Protein chains: 2
Amino acid sequence: MVSATKFSATKSSAPETAAPDAAEPTARQAAVLDAVLALMQEKGGQLTMTAVARRASCSKETLYKWFGDRDGLLTATVQWQASRVRAGRYDRQRLDASSLRDSLRDFAANWLSVISSPTSIALNRVAITHAASQQSNLGQIVLENGRFAIGGRLKPVLEEGRAAGLLAFDDTEAAFRTFFGLVGRDVQIRLLLGDGLKLGKAEIARDAAAATDQFLTLYGRTDPKPAAA
Amino acid sequence: MVSATKFSATKSSAPETAAPDAAEPTARQAAVLDAVLALMQEKGGQLTMTAVARRASCSKETLYKWFGDRDGLLTATVQWQASRVRAGRYDRQRLDASSLRDSLRDFAANWLSVISSPTSIALNRVAITHAASQQSNLGQIVLENGRFAIGGRLKPVLEEGRAAGLLAFDDTEAAFRTFFGLVGRDVQIRLLLGDGLKLGKAEIARDAAAATDQFLTLYGRTDPKPAAA
DNA sequence: AGGAAGCCGTACCGTACGTTACGGTTCGGT
DNA sequence: ACCGAACCGTAACGTACGGTACGGCTTCCT
């Protein structure tokens, strides 16, 4: 079930490009994982080990040596993709109403871009399929790097906004979930189910702005002074 | 690919319990479809024809005679489940602010109950898996009976609310999508990905009320008079 | 009673795919 | 030049599963 050999980097205990335990993929391994991502998008569910080997011009034996089994390959792929989505720095300069709004818009637009990308759709489909077969924890990993990752990055912004007297809420988590809902709405489920919904840059920008405005209507303080009790 | 014999009811052209073309399942067939639903929830992805036959105490030959192929069985199952979710009449009496709020809360609570039910989760997972393998249109069917069905039923309510001067919006679809987002938030994706999120009756009622309040904050008219231009 | 139809249980077939094994090639180290 | 390790391409194996065939049982019609 669980791959025993969290893929080892050829030389067993040699400090390669990264921590020897967390296991950063080598360039060649990354190429394989990219092939997996590409196949997921093109071929959908028919993601066979043979197809991966052919696409990546490597042997199946190598796949198994590096990743243990099919599940290990999938897990490594999810983590590989997650490792390069860490976008957006959102420099916490001093917050005013305008910069807060901009930050929220950026978050919203970035999130919409991610969930509407073919890569994310394919990855989520695979993870959901696996969650159904209650094998491995692919679903958790995707959740951790998607929904919960963005939550962890947005919540500090919300709390800074509150500290600056720009937002009002008791429960940060609840406020974040509202934002999440206003931004995502029905987009993700429709895309996952194969609806032909198209999101261009213009629509994303527009929707992100609209969601941000709605969020600020619900949680923004019209009186921008810190609580002068 | 497409099952040729949209399941026929034993006696070819005899008017059974329903239209001979739309094909309402017989009691026995319904029992089989219930077995499929039960297996989906318990066994997840390993939904094999043999397992269905064993669970339903019928032969695989019968399954194929009735439903054509595996896809036909799945499609029939989705439609069978959809056929009995048609809940909520929402009698359009005269609308005031209070009854509108109640209607919206009912919609929200009902929708949350549906998407958090094991049946819905299992069904959506299967549909998403199929959408990935670009075979059949299971995803579309689920979408049609889920997201779009509730839209079709809620939009008239919203428009009545607008006609009564209780709501203000230009785009009914946009208003509905906002409501959808406020209610669903991250619930569906988390459940689909296997997160251990529990929604009891109390939480559903609370969340439905909160989402409704937020929606009314965004779209409600504080001045409840019809447009007295 | 006799026959036909529907259906259950099971055996069977073909294929797809995960996994393993193996021969041949490249390449770095000595 | 030689050795061994890593790796590629491919063949082979075992199994799971979709789909089919068949024998026997029940039911219903005449």
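Quantities reported herein were computed from a predicted structural model and do not represent experimental measurements. First the proteins, then the strands, lettered A, B, ... as listed; each starts at 1.
Taking the six-membered ring where tryptophan is involved, the planes of Tyr219(B) and Phe169(B) are perpendicular, since the angle between them exceeds 60° and thus also 30°.
In the set dT10(D), dA6(D), dA21(D), the nucleotide with an atom closest to the side chain of Lys65(A) is dA6(D). Ranking dG9(D), dT20(D), dG18(C) by closeness to the Ser57(A) side chain, first place goes to dG9(D). Set against dC8(D), dG18(D), dG18(C), the side chain of Tyr64(A) has dG18(C) as its closest nucleotide.
Between Arg55(A) atom CZ and dC8(D) atom C1' there is a gap of 18 Å when expressed in whole angstrom units. As rounded to whole Å, 17 Å separates atom P of dC17(C) from atom CG of Asp71(A). Per the geometry, CG belonging to Leu63(B) stands 13 Å off C1' belonging to dT20(D), to the nearest Å. dA16(D) atom P lies 14 Å from atom NZ of Lys43(B), rounded to whole Å. The interatomic distance linking Arg70(A) (CZ) with dT19(C) (P) rounds to 8 Å, in whole Å. Note: CG (Leu39(B)) to C1' (dC17(D)) measures 15 Å, nearest angstrom. Residue Glu61(A) contributes atom CD, which lies 15 Å from atom C1' of dG18(C) at whole-angstrom precision. At whole-Å resolution of the value, CD in Gln29(A) and C1' in dA6(D) are 12 Å apart.
The phosphate of dG18(D) (OP1 or OP2) has no side-chain N or O of Thr50(B) nearer than 4.0 angstrom. Using a 4.0 Å cut-off, some side-chain N or O of Thr62(B) falls inside it from OP1 or OP2 of dC8(C). For the OP1/OP2 pair of dC7(D) and a distance below 4.0 Å, the side-chain nitrogens and oxygens of Trp66(A) include at least one atom meeting the criterion.
Checking side-chain atoms of Asn137(A) against main-chain N and O of Gln140(A) turns up no donor-acceptor pair under 3.5 Å. Using a distance-only test at 3.5 Å, with no hydrogens or angles considered, a donor-acceptor pair links the side chain of Glu203(A) to the main chain of Gly200(A).
Salt bridge Asp34(B)/Arg84(B): present, at least one basic N to carboxylate O contact under 4.0 Å. Using a cut-off of 4.0 Å between Lys/Arg side-chain N and Asp/Glu carboxylate O, Asp207(B) and Arg185(B) are scored as salt-bridged.
Arg28(A) comes within contact range of the sugar-phosphate backbone alone, with a heavy-atom separation under 4.0 Å but no base atom that close.
Of the residues near DNA chain C, Ala56(B) and Met49(A), the one whose nearest nucleotide (by heavy atom distance) lies more toward the 5' end is Ala56(B). Across the interface with DNA chain C, nearest-nucleotide mapping of Thr48(A) and Cys58(B) shows Cys58(B) to be the residue nearer the 5′ end.
Judged by atom type and distance alone, Lys60(A) reaches the base of dT19(C) through a side-chain donor-acceptor pair under 3.5 Å.
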